Amino acid sequence: MEKTLNLLMGRQLSGPQLKALGVALDSTKLKQRPAVIVKKGRIFCQRCGFQAPRANYTLPDKSYYCPACLAWGRLTTTMSLYSIPEANDFKKYSQDPLEKKPRLSLWQKKAAKELLQTVKRKQERLLWAVTGAGKTEMLFEALNFALLDQQRVCLATPRVDVCNELYPRLCQAFPKVKSCLLYQNSGQEYTYTQLVVCTVHQLLRFYHAFDLLVIDEVDAFPYVNDRQLHYAVTHAKKINSSTLYLTATPDRYLKQQIHQNKLAVTCLPLRHHRHLLPEITLVKLRFPKQKIEERTKKYLIKWVKNKIPFLVFVPQIAMLKPILKEIQHLWPTLNGECVSALDPDRLQKVKNLRAGIDQYLVTTTILERGITIPRLNVMVLQADAPLFSETVLVQIAGRVGRDKDYPSGEVVFTYQEMTFALRAAKKQIKLLNQKAEQLLKNDEMSTL
């Protein structure tokens, strides 16, 4: 029973969920609060923050339920949420849990120091660093301090693919720290650990659990503009805690918070290998009904000839197979596949591309971030589609040139009508490269 109760520290579960674990609701260690409350004719869910007129969600027994988080188990006004306060029941390390410190540039060290000071002071900070700048490595010193201090740490991100990229790197960096990886169908059962890597949706199961909460890809769907997930983040961390937000492409809200001095920011416009971001090549289509026009095809011909792996992004799942078939028709002996969020084999397909088994993938925006492939080139078909926002386009461009041995590459966006997003994405990368050039110039001046 004691072991089962430990699983509830910093968690929040309903009565039926506790009974399924064999926990008695009258345990003296359990803290209890109403699951759904009614205020001025409106229901308010204390797990996900959903609010609405109570008349819309009435049950036959005259109670009310929350429709927003049904996937996590139904909550009603007759139910309670149970939890056990986080006790930070972790072993004390005699030496740094970070076994091998990464080699950081001067500018990475400066950013890492600012993140560390933020954690020490229990504050909030945004790390705005270009794609491939080494955000994870810059986190290590702050994570090391928190783990050494017996704090409970969580790294959450909106994307499963990013979770799967982060988790093995963290396990390798902190091999002695108990950790778990949580997302739907992850294959891991929840255990009480000091380090948690999860999707932001999983934070709905936590309550005042974390001393340090890191939100990676804070601008990504589905976290961005989702009140439910923002509520989950607020309640998953302790009242006295620190929060680090990571992104390469802050949205308008984050930029506004920075401008109003409501959010501290560390900005790094230079990649770890000190090369500039590959800039965008725009290709205007003459015949938009044709899937791959001659002006587009010439880039593919060059990439295939030079045996360079590439991604072709499309705005709709319905376009995946037609574009794949067209490429297969052009190059029958070339291995490639298509992938989307609905594809259960997408992780394996990315591994095949990385291993050189495949030379290309036709993909939706599921691969816009969280993927690093050496020597990669990218193409976006119909980049003027509404789905391709400034943020998405910059992230896609950021897949190219990430490896220090292959710091350059080609980014090709095809379009029929020029859009604000296309202009803004191209402008953003140019401005970041200008700032990076200034950093490099200052660095050279300081060594004279």
Side-chain angles (χ1 to χ4, degrees), residues 111 126-136 138 157-159 161-162 165 215-225 245-259 265-273 275-283 310-315 363-373 376-403 407-415 417-439:
L126 170 69
L127 174 59
W128 177 3
V130 295
T131 55
K135 291 191 291 292
T136 305
M138 285 184 273
T157 176
R159 299 290 182 88
D161 307 74
V162 179
E165 287 270 346
I215 309 295
D216 194 9
E217 307 289 0
V218 69
D219 63 292
F221 178 85
Y223 179 74
V224 65
N225 298 327
Y245 303 100
L246 314 182
T247 185
T249 48
D251 60 18
R252 185 178 300 176
Y253 172 76
L254 287 172
K255 289 178 180 177
Q256 187 180 54
Q257 292 290 97
I258 295 166
H259 182 70
V265 62
T266 295
C267 185
L268 184 58
L270 190 64
R271 284 179 159 174
H272 66 94
H273 50 50
H275 289 268
L276 302 185
L277 298 168
E279 297 197 5
I280 297 168
T281 299
L282 295 176
V283 178
F310 59 91
L311 298 175
V312 177
F313 287 85
V314 296
T363 178
T364 60
T365 55
I366 189 64
L367 297 185
E368 77 180 55
R369 60 183 82 211
I371 174 175
T372 298
I373 307 288
L376 189 72
N377 287 340
V378 300
M379 177 179 289
V380 179
L381 300 181
Q382 297 184 15
D384 51 348
L387 176 72
F388 293 120
S389 65
E390 175 190 354
T391 294
V392 171
L393 292 172
V394 171
Q395 286 285 353
I396 289 173
R399 298 312 97 205
V400 178
R402 299 169 68 90
D403 192 278
S408 61
E410 290 189 289
V411 180
V412 179
F413 292 172
T414 73
Y415 70 101
E417 299 290 339
M418 180 57 67
T419 64
F420 170 81
L422 281 167
R423 284 198 185 95
K426 190 174 178 68
K427 182 180 178 181
Q428 183 180 148
I429 291 175
K430 279 186 175 293
L431 288 174
L432 288 168
N433 280 341
Q434 288 172 9
K435 290 182 179 181
E437 286 177 330
Q438 189 60 49
L439 275 185

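For clarity, every value in this text was computed on a predicted model and none was experimentally measured. This chain uses plain numbering: 1 for the first residue, then up along the sequence.
- Put simply, CH2 on W128 and CG on L254 are 9.5 Å apart, with the number rounded to the nearest 0.5 Å.
- Considering every non-hydrogen atom in both P278 and P407, the closest pair reads CG-O, 4.3 Å.
- Using a 4.5 Å heavy-atom cutoff, the side chains of R402 and R399 are in contact.
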Intermediate values then yes/no, side-chain contact (heavy atoms from CB on, under 4.5 Å), Q382 and V314:
CA-CA 7 Å; Q382 297 184 15; V314 296; over 6 Å; no
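- Separating the CZ atom in F388 from the CD atom in Q395 is a distance of 13.5 Å, to the nearest 0.5 Å.
- Counting heavy atoms from C-beta on, the side chains of I280 and I429 come closer than 4.5 Å.
- In this structure, CG on L432 lies 7.0 Å from SG on C267, to the nearest 0.5 angstrom.
- Between E390 and R252 there is no salt bridge, since no side-chain N of the basic residue sits under 4.0 Å from a carboxylate O of the acidic one.
- The heavy-atom pair separating V400 from G409 by the smallest distance is CG1-CA, 3.4 Å.
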Could you give me the CA-CA distance, side-chain angles and deciding distance for D219 and T249, then say whether side-chain hydrogen bond (donor to acceptor under 3.5 Å, both in side chains) is met?
CA-CA 7 Å; D219 63 292; T249 48; 2.8 Å; yes
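- When all heavy atoms of A133 and M138 are compared, the closest pair comes out as O-CE, 3.6 Å.
- Between R369 and D216, no side-chain nitrogen of the basic residue sits less than 4.0 Å from a carboxylate oxygen of the acidic one, so the salt-bridge criterion is not met.
- Using modelled atom types, no side-chain atom of K435 and backbone atom of P269 make a donor-acceptor pair closer than 3.5 Å.
- One finds the CG atom of L311 at 9.5 Å from the CG atom of N377 (value rounded to the nearest 0.5 Å).
- The side-chain heavy atoms of T365 and L387, taken from C-beta on, include a pair separated by under 4.5 Å.
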Would you check, one step at a time, whether the test side-chain hydrogen bond (donor to acceptor under 3.5 Å, both in side chains) holds for R271 with T131?
CA-CA 7 Å; R271 284 179 159 174; T131 55; 3.1 Å; yes
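- Proximity of a side-chain donor or acceptor of T157 to a complementary backbone N or O of V162 within less than 3.5 Å is not detected.
- Here the CZ-OG1 distance, from F313 to T363, works out to 5.5 Å after rounding to the nearest 0.5 Å.
- Checking side-chain atoms of H273 against main-chain N and O of G401 turns up a donor-acceptor pair under 3.5 Å.
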Kindly determine whether L277 and K430 satisfy side-chain contact (heavy atoms from CB on, under 4.5 Å), including the steps that lead there.
CA-CA 8 Å; L277 298 168; K430 279 186 175 293; over 6 Å; no
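- Taking a cutoff of 4.0 Å between a charged side-chain nitrogen and a carboxylate oxygen, E217 and R159 do not qualify as a salt bridge.
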Worked check of side-chain contact (heavy atoms from CB on, under 4.5 Å) between Y245 and L127:
CA-CA 6 Å; Y245 303 100; L127 174 59; over 6 Å; no
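- The side-chain heavy atoms of F310 and V378, taken from C-beta on, include no pair separated by under 4.5 Å.
- The shortest side-chain heavy-atom distance between M418 and L282 falls under the 4.5 Å cut-off.
- Note: L381 CG to T414 OG1 = 4.5 Å, rounded to the nearest 0.5 Å.
- No side-chain heavy atom of L126 sits under 4.5 Å from any side-chain heavy atom of L246.
- Within a 6.0 Å radius of NZ in K427, other residues, nucleotides and ligands contribute 12 heavy atoms or fewer.
- Within the 4.5 Å cutoff, side-chain heavy atoms of I366 are placed close to those of D161.
- Within the 4.5 Å cutoff, the side chain of L422 has heavy atoms near those of the D384 side chain.
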Intermediate values then yes/no, side-chain contact (heavy atoms from CB on, under 4.5 Å), Y415 and V380
CA-CA 9 Å; Y415 70 101; V380 179; over 6 Å; no
